[in-house]
Amino acid sequence: MEAQIVVDVPTMQTNQPYTYHVAERFETVIEPGMRVIVPFGRGNRQVQGFVIRLMDDDSHQHELKDITDLVDLDAVLTDELLILADWLAKRNFAFSISILQAMLPNVMRAKYHKTMQVVDRKRVMAEPDLLTIFNDFDEVDEEQVSLSKEQLTGIHKLLKQGALKIGYQVQNRARAKRVLAVKPLKTPKELAQLRQILRPNARQQACLLTYLMQAKDEFVPQHLVVEQTGVSQATFKAAQAHGWIDRQMMEEYRLPKLTTPIETTRPLVLNQQQQAAYDQLSGTLGTTTSDTFLLEGITGSGKTEIYLQVMAKAIEQGQTAMMLVPEITLTPQMVRRVKGRFGQTVAVLHSGLSDGERYDEWRRVKRGEAKVVVGARSAVFAPLTNIGVIIIDEEHDASYKQEDNPRYHARDVARWRADWHHATLILGSATPSLESRARAQKGIYQLLQLTERALTSSLPSVSIVDMRTTIKNGGDDLFSPELLAGIQERLTKQEQSVLMLNRRGYANYLNCQACGYKPTCVNCDLVLTLHAAQHELVCHYCGYHIPVPPVCPNCGAPRLRPFGTGTEKAEERLQALFPDARILRMDFDTTRKKGAVDKLLTTFGKGQADILLGTQMIAKGLDFPAVTLVGVLNADTSLALPDFRAAERTFQLLAQVAGRAGRADKPGQVIIQTFNPDHYAIQYAKHHDYEGFYQQEMQLRHTWQYSPFFFTIQLKIGHEKQAEAAKIAYQLADWLKPYLGPQTVMLGPSAGSVARLKNKYYFRIVIKYRDGKTLLPALSELMQTGQELQRQHATLTIDRDPMTFV
DNA sequence: AGCACGCCGACT
DNA sequence: GTCGGCGTGCTC
């Protein structure tokens, strides 16, 4: 028997299955989807691999190596996931092994240990420098010892002579937690009798017997029994000696702890719109087709309740359900909401879990003990079977795209898995991505709209403050008089304010403080990025660049300034302006620690602070009834991003915060400060007008040939030397030209926005295309011929449908 | 990635 | 004449 194995060597040249011989003793056990250890390369170094196929034909040309060992007793990947991995690797120009690893919890990735093993002790002991290392050991972990120069030469010599050799060990870090468990061996009746005849002073034994009388006939972790009864270790030992109980080791899940118990919730009554959406969605469950819906519902329209009820329906029909949310929305409140409805059958997968917890949650899914999975991006690979519905909430969110290897978009994966399972896919958002909305327009997705708020409070009024005027009048460039007045009013009335500092695109473009003009690219209609070091303005999209102009090209005033401010500085200024206000700052720095977000939000939710000042993370999913003012300090920084999605991102962000104020009985107010009060993204956000924005943005995308009318691919070439990187980039561009096909545009090569990253210079090529018939295979080939690039010490990344252009 | 093979420069 | 530097090719 032979097995095709994908080995854990993530390079372009080894991105293919290798055939190994399966020893007879493994034949009955081995299955596709298992992890194995195989010898690889000339030195037969042991590496982890995945079995992707088994076969019987022995028509191999070469002598095959044997699989060393099986890591798993059960396949960790299903056939579905193996096929998906193959598709995803090809589609996204990723290494198969990287995708396979990404599908599993972190701990299941092998760790490798390099050891030095003594072969000829006599000769090793003859080296005085090495005595301290090998005196007591025959094998030493290379990482555990730091070697001096003399020792290094000594080891080198011995390796050459064969007196020492290098060993490789594959370590599987995935460990189930095992605890001592107990089970009664006697019937309740017998136990009751035993209790009768017990010495009266044997209090602990009596206590244990009472517990056992009402215990089920199954193993229960001993520590849980201790918690309930308070009996000691010795008592269990005695009970075992008496033959009352059986004790053995048992697996126990590391369940993430929750501070307070979860209250079970019942389905809420749906309003008419919600009910109509629910009927349509649930009607497609369990059918033999896969339907995709775009659920477009304004903030507060009750999308989550619909999700919960559709998932409940799927469970009812014996199917499973998956719900994806952006990482930062996966707050304890959200988890609580889902667990409140589905209880123990929910598995939660997100980055806040420890490795052990994550592994255990994953196993609960794998074993079919969890029927509902809630998680962030990577949860899309959860090993659910018989999926009835997949939900992607806030489907427009950029965090669904993994931006480093392996690159994938959870939406694509969800689409694929929904197809496989004939499941219903629901994309939900108040501000859908243009791609999804356009598909709904074309009828590829079914569009469901929710236009009413579930808890009939009206949308807040949004006012826009023109910061050009503020500055002209000698005002502060961070806090306009209007905003300051608003904050003061809230402080007086003891209501809360949320202030958002839009940090995207921070401090790297020029802005004329006289007229608000920002230098833009002639080819792309994108804002030029300031490269202060080179004293240049550069378009990150097509490479267009000009020297920094001394005066504003629009109005001639010498008032072009670099733009941007940090949250820390804003907090300082704010505190100086309102010395008595209690301010909470929420940004990357203050939320780095585990649980910090929860703590901050709880503090604010309890009303222990007046102002919450933060980056866009405060825009998502937060719901504080006492907040009546939301201020956006700098709405336009994200407009200036060198990215064709800049307007879309800005609109989505503003629409989201605009829906946050005054959700309870008190009316809300939103103040947006901007240098571009007339920009359509800001205007449409002001009027809560998604449709208007969609129409206008689609027109622009059409004109400029961007997504969703054109697909995009970004190639990045990195090299230690700038000239080399450029040379290779141009060579690649030339090589690709014949494959471009009709209606395909290649932009660049252009220099990366950060000239040097990790000591490498980057160049980028962006290709816009409609038909990838010749282009995509050419790019696959480029992956394979990457050998040549590697020789030149260059790196190449291919990013399909990139979300950022930095 | 990591290892062997191989072809040129500074040594015993 | 050899040790060892790194550039090159290959891993079932």
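Throughout, protein chains are lettered first and strands after them, A, B, ... in sequence-line order, and every chain is numbered starting at 1. Worth knowing before you read on, the calculation uses all heavy atoms, side chains too, and leaves out hydrogens, waters and symmetry mates.
Interface residues of residues 41-53 of chain A facing DNA chain B, ordered by number: A:Arg42, A:Arg45; criterion, heavy-atom separation under 4.0 Å. Contacts of residues 100-112 of chain A with DNA chain C (heavy atom under 4.0 Å): none.
A:Lys165 NZ: 12 or fewer foreign heavy atoms inside a 6.0 Å radius.
Relative ring orientation between A:Phe40 and A:Tyr18 is described as perpendicular, the plane-to-plane angle rising above 60° on a 0-90° scale split at 30° and 60°.
Atom-to-atom, CG of A:Asp8 to C1' of B:dA1 comes out at 10 Å; the value is rounded to the nearest Å. Across the protein-nucleic acid pair, A:Met12 atom CE and C:dT11 atom P stand 18 Å apart, rounded to whole Å. Across the protein-nucleic acid pair, A:Gln16 atom CD and C:dC12 atom C1' stand 9 Å apart, rounded to whole Å. Rounded to whole Å, the distance from CG on A:Asn15 to C1' on C:dT11 is 14 Å. One can place CD of A:Gln13 at 14 Å from P of C:dC12, the figure rounded to the nearest angstrom. Distance, A:Asp66 CG to C:dC12 C1': 12 Å, rounded to whole Å. Computed from coordinates, the A:Tyr18 OH to C:dC10 P distance equals 11 Å when rounded to whole Å. Across the protein-nucleic acid pair, A:Phe95 atom CZ and B:dA1 atom C1' stand 11 Å apart, rounded to whole Å.
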Mind listing the N/O atom pairs, protein and nucleotides 5-7 of chain C, below 3.5 Å?
none

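Between A:Tyr20 and C:dC12 there is a side-chain N or O to OP1 or OP2 distance below 4.0 Å.
A salt bridge is absent between A:Asp355 and A:Arg358: the closest approach of a Lys/Arg side-chain nitrogen to an acidic carboxylate oxygen does not fall below 4.0 angstrom. Using a 4.0 Å cut-off between a side-chain N of Lys or Arg and a carboxylate O of Asp or Glu, A:Lys90 and A:Asp86 qualify as a salt bridge. Note on A:Arg407 versus A:Asp412: no salt bridge recorded, every NZ/NE/NH1/NH2 to OD/OE distance being 4.0 Å or above.
Evaluation of the salt bridge (charged side-chain N to carboxylate O under 4.0 Å, His left out) rule for A:Arg109 yields no partner, not counting sequence neighbours. With sequence neighbours left out, A:Lys111 forms a salt bridge (charged side-chain N to carboxylate O under 4.0 Å, His left out) with no residue at all.
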* Which is it for A:Glu369 and A:Tyr253 under the side chain to side chain donor-acceptor pair (under 3.5 Å) test, yes or no, and what are the steps along the way? -> CA-CA 12 Å; A:Glu369 293 167 23; A:Tyr253 291 127; 2.9 Å; yes

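Here A:Phe40 lies in heavy-atom contact (under 4.0 Å) with a base.
Here the side chain of A:Lys716 pairs no donor or acceptor atom with the backbone of A:Thr795 at under 3.5 angstrom. In this structure, A:Glu80 contributes its side chain and A:Trp420 its backbone to no donor-acceptor pair below 3.5 Å.
A ring-ring contact (aromatic ring centres under 6.0 Å, His included) check over residues 88-144 of chain A, counting only residues at least two apart or in different chains, returns nothing.
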